[in-house]
Amino acid sequence: MLQKIQLEALEKIMQCQNNTQLNEIKVLYLGKKGPLQEVMQQLKTLSVEEKKEVGKKVNELKSLLESTIETKRIQLNEIALQQQLENEKIDLTLEADYYEQGNLHPLIKIQTELEDIFIAMGYDVAKIGEVELDLYNFERANIPHDHPARDMQDTFYIDDEKLLRTHTTAVQMRYLEEHANNLPIQVVCPGKVYRRDDDDATHSHQFMQIEGLVVKENVKMSDLKGTLLLMAQKMFGENQKIRFRPSYFQFTEPSVEVDVSCPFCGGKGCNVCKQTGWIEILGAGMVHPKVLEMAGIDSTKYSGFAFGAGIDRIAMLRYGVEDIRHFFTNDIRFLKSFNRFD
Ligand code: DAH
């Protein structure tokens with residue numbers, strides 16, 4: 001009888017596929033209603049000697065089944081773990097996805113740097129659209145309809161009134177009008193400008209400028225010079241010098257063109273600066289009283305300085321780029337070479 005139970009139970013334990021089945025078998029053979037319990041019930045009918053012998057055998061069989069079940073449980077757990085590991089396997093040999101990292105366009109880098117220099121000096125930054133009214137691009141800048149300067153700045157007209165701005169001075173004129181009753185003004189206006197130039201190494205029909213404007217009481221030419229010297233030194237290094245040359249713009253009086261000492265030869269003279277030691281980077285001057293008056297500002301009380309610098313020109317000098325067209329043709333090899341500049 002016990003022999004039969006043993007064979008049957010061991011067989012069933014071996015066939016178990018998982019822990020649930022194993023638990024069922026355990027209850028079936030070792031539970032209160034199991035066959036071993038039944039045998040124990042029948043012990044009553046046996047003699048003392050027989051009781052001892054059968055009782056001992058039943059206990060031996062119980063512990064045999066218990067230990068076999070536990071061994072089987074360990075095996076099943078091990079198999080389950082292996083299966084789980086197999087299912088969740090990660091193939092570390094797979095090639096990772098590769099995302100190419102971009103960088104800022106060189107002109108945007110220079111623009112941001114210039115903005116930061118002026119923000120640190122307490123300037124606002126104004127940016128408005130590239131389609132402008134003739135009124136702000138020319139009229140308010142003291143360049144009347146029949147003025148020959150309009151030929152100089154060959155313009156992309158959209159209609160009789162609208163055009164693609166030819167200089168960021170247009171933003172200056174809008175800002176003056178908007179803040180006429182809210183002085184002082186201290187602002188820079190960076191952005192794209194357009195002229196009908198034939199493109200070559202130093203000209204592009206699209207380029208970038210940054211305009212500067214300060215209007216308050218007692219602004220002097222020396223304030224302009226100090227400001228531009230600081231800008232040049234921040235952009236090209238502490239030893240930079242600048243010089244003012246007399247010039248003419250309709251919207252400033254007096255007007256100057258501003259040179260920086262050549263960053264390539266340090267002012268000694270080289271091919272880039274055509275042996276002069278100087279390179280022109282911007283136009284500037286004291287805001288013409290007529291310009292202030294047209295915007296509604298009392299020119300007897302307030303004065304101002306203004307400047308307009310070529311961002312492309314500054315970028316060419318900073319990065320040693322010889323052809324302005326590179327900035328706009330967007331050859332990926334050219335753009336990638338700026339990864340190394342912070
Ligand atoms: N608008 C001039 C240009 O595009 C540059 C300029 C000169 C701007 C003198 C100014 C200035 O604000 O005061 O050539």
Side-chain angles (χ1 to χ4, degrees), residues 111 114 118 123-128 130 132-144 147-156 163-177 179 185-197 202-216 219-228 231-232 242-260 279-292 294-295 297 299 302-314 324:
Q111 177 187 332
L114 286 164
F118 285 100
Y123 282 63
D124 289 332
V125 178
K127 292 174 187 168
I128 59 165
E130 294 153 29
E132 189 47 274
L133 294 177
D134 181 287
L135 175 70
Y136 294 105
N137 197 81
F138 291 126
E139 206 74 30
R140 286 289 176 82
N142 199 25
I143 311 172
H147 198 284
R150 294 208 182 189
D151 298 332
M152 261 162 55
Q153 296 191 346
D154 252 354
T155 308
F156 288 106
L163 46 81
L164 290 180
R165 67 184 179 198
T166 60
H167 52 182
T168 44
T169 304
V171 190
Q172 181 192 146
M173 298 313 154
R174 274 185 181 274
Y175 207 85
L176 277 173
E177 184 182 84
H179 291 75
I185 290 172
Q186 231 174 262
V187 68
V188 285
C189 326
K192 293 195 199 95
V193 298
Y194 302 85
R195 288 184 200 172
R196 295 179 55 154
D197 262 333
T202 53
H203 296 87
S204 166
H205 62 281
Q206 174 195 315
F207 57 106
M208 291 191 82
Q209 288 187 329
I210 185 165
E211 191 83 4
L213 173 67
V214 172
V215 178
K216 48 188 171 187
V219 179
K220 298 181 294 295
M221 194 88 168
S222 52
D223 298 325
L224 172 65
K225 196 162 188 183
T227 305
L228 293 179
M231 181 191 92
I242 60 168
R243 73 171 182 188
F244 278 14
R245 279 182 293 107
S247 184
Y248 179 77
F249 298 104
Q250 292 77 13
F251 31 91
T252 41
E253 181 56 39
S255 303
V256 289
E257 269 166 330
V258 183
D259 299 337
V260 289
I279 293 183
E280 186 201 323
I281 59 161
L282 56 86
M286 301 307 288
V287 181
H288 199 297
K290 231 169 135 184
V291 168
L292 292 177
M294 277 192 279
I297 296 171
S299 66
Y302 296 101
S303 54
F305 70 67
F307 59 88
I311 292 180
D312 321 65
R313 186 133 184 80
I314 293 174
I324 191 172

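In each ligand, atom 1 is the first atom listed, and ligand 1 is the first ligand listed.
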Less than 3.5 Å between some nitrogen or oxygen of Glu211 and one of ligand 1, yes or no?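 Yes, Glu211 has an N/O under 3.5 Å of an N/O on ligand 1.
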
Below the 3.5 angstrom mark, is there an N/O of Phe251, backbone or side chain, next to an N/O of ligand 1?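 No; every N/O pair is 3.5 Å or more apart.
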
Per-atom contacts of ligand 1 with [X], taking only distances under 4.0 Å to non-hydrogen atoms:
| X | answer |
| --- | --- |
| Phe249 | 7 (C), 9 (C) |
| Gln172 | 12 (O) |
| Thr252 | 13 (O) |
| Gln209 | 3 (C), 4 (O) |
| Gly285 | 13 (O) |

Within less than 4.0 angstrom of ligand 1, does Glu257 place any heavy atom? no

Compute the centroid of each ring, for Phe305 and then for Phe244, and state whether the two points are separated by less than 6.0 Å. no

Counting the benzene-type ring for Trp, do His167 and Phe251 have ring centres under 6.0 Å apart?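 Ring centroids of His167 and Phe251 are less than 6.0 Å from each other.
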
Using heavy-atom distances, let me know which of Gly310, Gly304, Gly308 sits nearest atom 5 (C) of ligand 1.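 The nearest heavy atom belongs to Gly308.
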
Closest heavy-atom contact between [X] and [Y]?
| X | Y | answer |
| --- | --- | --- |
| Leu114 | Ile311 | CD1-CG1, 4.1 Å |
| Leu228 | Ala284 | CD1-CB, 4.2 Å |
| Ser303 | Leu292 | CA-CD1, 4.2 Å |

With a 4.0 Å cut-off, would you call Glu280 and Arg313 a salt bridge?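 Here Glu280 does not pair with Arg313 in a salt bridge, since their nearest N and O are not under 4.0 Å apart.
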
Quick look: Ala306 vs ligand 1, heavy-atom contacts under 4.0 Å, and the answer is both

Specify side chain, backbone, both or neither for Glu253, according to which of its non-hydrogen atoms lie closer than 4.0 Å to ligand 1.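 None of Glu253 does.
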
Taking C-beta and beyond as the side chain, do Val125 and Phe118 meet within less than 4.5 Å on heavy atoms?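 Sidechains of Phe118 and Val125: no contact.
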
What I want to check is whether the side chains of Glu211 and Tyr175 have a donor and an acceptor closer together than 3.5 Å. no

